[in-house]
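Have a look at the structure below, then the notes.
Proteins come first, then strands; the chains are lettered A, B, ... in the order of their sequence lines, and each starts at number 1.
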Amino acid sequence: MNLDAIDDWTRTHYSSRITPELDGLDVTLFGWVQEIRDLGGIRFIILQDREGTVQITIPKKRVGADVLSRSECLQKRFSIALKGTVRKTTMTPRGIEVIPKEIKILGTASCQLPLDVTGKTPANIETRLDARALDLTLERNIAVFKIQHTALEAIREFLFERGFLEVHTPRIIASATEGGAALFAVDYFGEKAYLAQSPQLYKEQLTMSLEKVFEVGPFFRAEESHTRRHLSEFVSVDIEQAFANAKDVMTLLEQCIQHVCTIVKEKCKEELSILKHKLTVPEVPFKRLTYDEVVNELEKQGVAIPWGEDIPTEAFRVLGKLHPEFYFIVDWPTRSKVFYIKARDDKPELCEGFDLMWRWIELVSGGTRIAEKESLAKRLQEQGLNPDAFKHHLQNFDYGMPPHAGWAIGLERLTMMLTGKKNIREVTLYPRDRVRLTP
RNA sequence: GCCCAGGUAGUAUAGUUCGGUCUAGUAUAUGCGGCUGUCGCCCGCAGGACCCGGGUCCGAAUCCCGGCCUGGGCGCCA
């Protein structure tokens, strides 16, 4: 098929901007054919773009020969441009339609698509991810990522206003930053290197200079996780603040979460309604449960956890039923948290780390960090890590490391909360997990 | 890594219990034809599938074994 050139055409309106008030106006639209309904003498084409759809109506006897012949060639997912006149009508749900004067065919598509692009015949997640670029054209999927975008915009706005600087730390690193999670190895000019699992040590170092920093970026965990809430590559929203402790950053966090919910609820009404998701703006402060309280609550529910142990998923699910919204878990046993979390001065067996839970899912984790070199080296050893591997990090503690604290939000998990999606891969454009490396 | 469940047209499913009218049904998608107000349009026609390999049996989509793939759960974690 011969394709048309765009020439000097430019879009005048997105589909969603066509309103009855524009009756009689000539517009130029760009987009894709989503659906064709041909009734014989009249043909309806649903034109889709990023913002929605609009009906193009072709009364066959009343349009030019060129419009007629081009419209006959159209198939689903063809990308097209058209110039036409807006017409107010009572015969479409939105009260408008566009009568084309000129159509350009800019791109074609195969006739048998791997997914139903109108979204009426739903496909399995596996089929959808295999054809993810096409899957993402569905209105309900676009809605997810518009919400994610809006959430991120709200977070940035919130942090900028409070004087945080956005930074970028290395993704390629020489050794483990946290010890625990497994790393992906990469070849770095013949040397062994790793993909970063977290910006933790770098953002801590930056509190010495930039004081308040945040970073949004992908991190990598080579865990063999096989769940609806884990990815091998995920996006973390990390902050770190000098001259602050856990209490300070917890207040910051709950305000940030509240702000995000407020903004998303306000700006994404349409998207939330497409997803049929009710978002409630949480009240602050969030509940603060201590580890001991949690263990006691769970015991009453018949779930026993030996003191000092981490809380297993099954127990979190029970906990999520008891606390169906946001809640912090604080005063964790020191030995259950990563090495850089500061122990309490009064009770060293407890630490100043916290988790922000949403129902049963860990959404954020953070805490006051150890700012003193000897304590940090000691904790490294206690956790079975080699302080020598961290000497580049440790030496910075000789140069004026301020007391500091911070947290990290799992962006995809936050998006799950905001959209009501139950599988993290739904809220990831191109998810990477134990078994998926493509597309 | 461990434990469950499952693989049927492009997509989503019925059928598998208890092997035989299954020549594998349905919806949607696709192709062709018809239709001037559809909006999950409608009507007619057509083509399109039992994951792979082995076994049991007169006979396997169905039972058995092995493999591959997928989904979910656990552990780990955000």
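Within the nucleic acid shown, A:K76 comes within 4.0 Å of sugar-phosphate atoms alone, with no base atom in reach, counting heavy atoms only. Within 4.0 Å of A:E97, counting heavy atoms only, lies at least one base atom of the nucleic acid. At the heavy-atom level, A:L363 lies under 4.0 Å from the strands shown only through sugar-phosphate atoms. Among the heavy atoms of the strands lying under 4.0 Å from A:L39 is at least one base atom, whether or not backbone atoms are also near. Among the heavy atoms of the strands, none lies under 4.0 Å from A:R77. Looking at heavy-atom distances under 4.0 Å, A:P59 makes no contact with the nucleic acid at all. At the heavy-atom level, A:D355 lies nowhere under 4.0 Å from the strands shown. At a threshold of 4.0 angstrom between heavy atoms, the contacts of A:R228 are confined to the sugar-phosphate backbone, with no base atom among them. No contact: A:V235 has no heavy atom under 4.0 Å from any strand. Counting non-hydrogen atoms under 4.0 angstrom, A:E224 reaches a base of the nucleic acid. At a threshold of 4.0 angstrom between heavy atoms, the contacts of A:T92 include nucleobase atoms, whether or not backbone atoms are also involved. Contacts of A:T227 with the nucleic acid, taken as non-hydrogen atoms under 4.0 Å apart, include base atoms.
In this structure, A:M357 CE and A:F316 CZ are separated by 4.0 Å, a value rounded to the nearest 0.5 Å.
OP1 or OP2 of B:A12 has at least one side-chain nitrogen or oxygen of A:T127 nearer than 4.0 Å. An OP1 or OP2 oxygen of B:G72 is reached within less than 4.0 angstrom by a side-chain nitrogen or oxygen of A:R425. Checking the phosphate oxygens (OP1, OP2) of B:G72, a side-chain nitrogen or oxygen of A:N423 falls inside 4.0 Å. Dashed line: the shortest gap from a side-chain N or O of A:R37 to OP1 or OP2 of B:C41 is under 4.0 Å. At least one side-chain nitrogen or oxygen of A:K120 sits closer than 4.0 Å to the OP1 or OP2 atom of B:C41. The side chain of A:R434 contributes no N or O atom lying less than 4.0 Å from OP1 or OP2 of B:C76.
Rounded to the nearest Å, the gap between the P atom of B:G10 and that of B:G31 is 15 Å. Nucleotides B:C43 and B:C35, compared at atom C1', are 8 Å apart to the nearest Å. Taking atom C1' on both B:G15 and B:U26, the two are 11 Å apart, rounded to the nearest angstrom. Spacing of P atoms, B:C65 relative to B:A5, comes out at 13 Å, to the nearest Å. Here the separation of B:G20 from B:U28, taken at their P atoms, is 29 Å to the nearest Å. Of the P atoms belonging to B:G55 and B:A60, the separation is 12 Å, rounded to the nearest Å. Taking atom C1' in both B:A9 and B:A29, one finds a spacing of 11 Å when rounded to whole Å. Rounded to the nearest Å, the gap between the P atom of B:G6 and that of B:C63 is 10 Å.
A donor-acceptor contact under 3.5 Å links the side chain of A:Q55 to the base of B:U38. Evaluation of atom-type donor-acceptor distances gives no pair under 3.5 Å for the side chain of A:H226 against the base of B:C74. The base of B:G71 lies outside donor-acceptor range of the side chain of A:R128, with no N or O pair under 3.5 Å. Counting distance only, with no hydrogens placed and no angle test, the side-chain atoms of A:S225 and the base atoms of B:C76 include a donor-acceptor pair under 3.5 Å.
Rounded to whole angstrom, the span from the CG atom of A:L115 across to the P atom of B:A12 amounts to 8 Å. What separates CD of A:E35 from C1' of B:U38 is a distance of 10 Å, to the nearest Å. If you take CE of A:M357 and C1' of B:A78, they are 11 Å apart, rounded to a whole angstrom. Distance A:W332 CH2 to B:C77 P: 10 Å, rounded to the nearest Å. Taking atom CG of residue A:D116 and atom P of nucleotide B:A29, one finds them 7 Å apart after rounding to whole Å. What separates CD1 of A:I46 from P of B:A29 is a distance of 14 Å, to the nearest Å. The distance from atom CD1 of A:I56 to atom P of B:U36 is 21 Å, rounded to the nearest whole Å. In this structure, CD of A:E412 is placed 13 Å from C1' of B:C77, rounded to the nearest angstrom.
Proximity of the aromatic rings of A:F339 and A:F390 is defined here by a centroid distance below 6.0 angstrom, and this criterion is met. Between A:F354 and A:F328, the ring center distance clears the sub-6.0 Å criterion. A distance of 6.0 Å or more separates the ring centres of A:Y327 and A:F286.
For the residue pair A:S232 and A:R221, no side-chain donor N or O sits within less than 3.5 Å of a side-chain acceptor on the partner. A:Q258 and A:E254 are not linked by any side-chain donor-acceptor pair at a separation below 3.5 angstrom, with hydrogens and angles left out of the test. A donor-acceptor contact closer than 3.5 angstrom is absent between the side chains of A:T207 and A:Q205. For the residue pair A:Q48 and A:T137, no side-chain donor N or O sits within less than 3.5 Å of a side-chain acceptor on the partner. At a cut-off of 3.5 Å, with distance as the only test, no side-chain donor of A:H404 or A:Q241 sits close to an acceptor on the other residue.
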#### Entry: CA sep, side-chain torsions, deciding dist, call: A:E240, A:K212, side chain to side chain contact (heavy atoms under 4.5 Å, CB included)
CA-CA 6 Å; A:E240 203 67 31; A:K212 295 159 86 170; over 6 Å; no

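Taking the side chain of A:R413 as heavy atoms from C-beta on, and the options B:C77, B:C74, B:U11, the nearest nucleotide is B:C77. In this structure, of B:U11, B:G73, B:A78, it is B:A78 that holds the atom nearest to the side chain of A:E362. Closest to the A:R229 side chain, of the nucleotides B:C77, B:U38, B:U70, is B:C77. Here B:G71 is the nucleotide among B:G71, B:U38, B:U30 with the atom lying nearest to any side-chain atom of A:I125.
Using the Watson-Crick or G-U wobble rule with both distances under 3.5 Å, B:U70 pairs with B:A5. Under the Watson-Crick or G-U wobble criterion, with both distances below 3.5 Å, B:G47 is left unpaired in every strand shown.
Stacking annotation: A:F44 is not stacked on the base of B:G37 (requires ring centroids less than 5.5 angstrom apart and an interplanar angle below 30 degrees).
Mapped onto RNA chain B by nearest heavy atom, A:R87 and A:G410 fall at different nucleotides, with A:R87 at the one closer to the 5' end. Comparing A:N124 and A:T90 by the nucleotide of RNA chain B that holds the closest heavy atom to each, the one mapping nearer the 5' end is A:N124.
Residues from residues 311-329 of chain A that place a heavy atom under 4.0 Å from any atom of RNA chain B, listed by number: A:P312, A:T313, A:R317.
Note that A:R162 lies in the cation-pi zone of A:F158, set by a 6.0 Å cut-off to the ring centre and a 45° limit from the axis.
In this structure, A:K60 pairs ionically with A:D38, as a charged nitrogen and a carboxylate oxygen lie closer than 4.0 Å.
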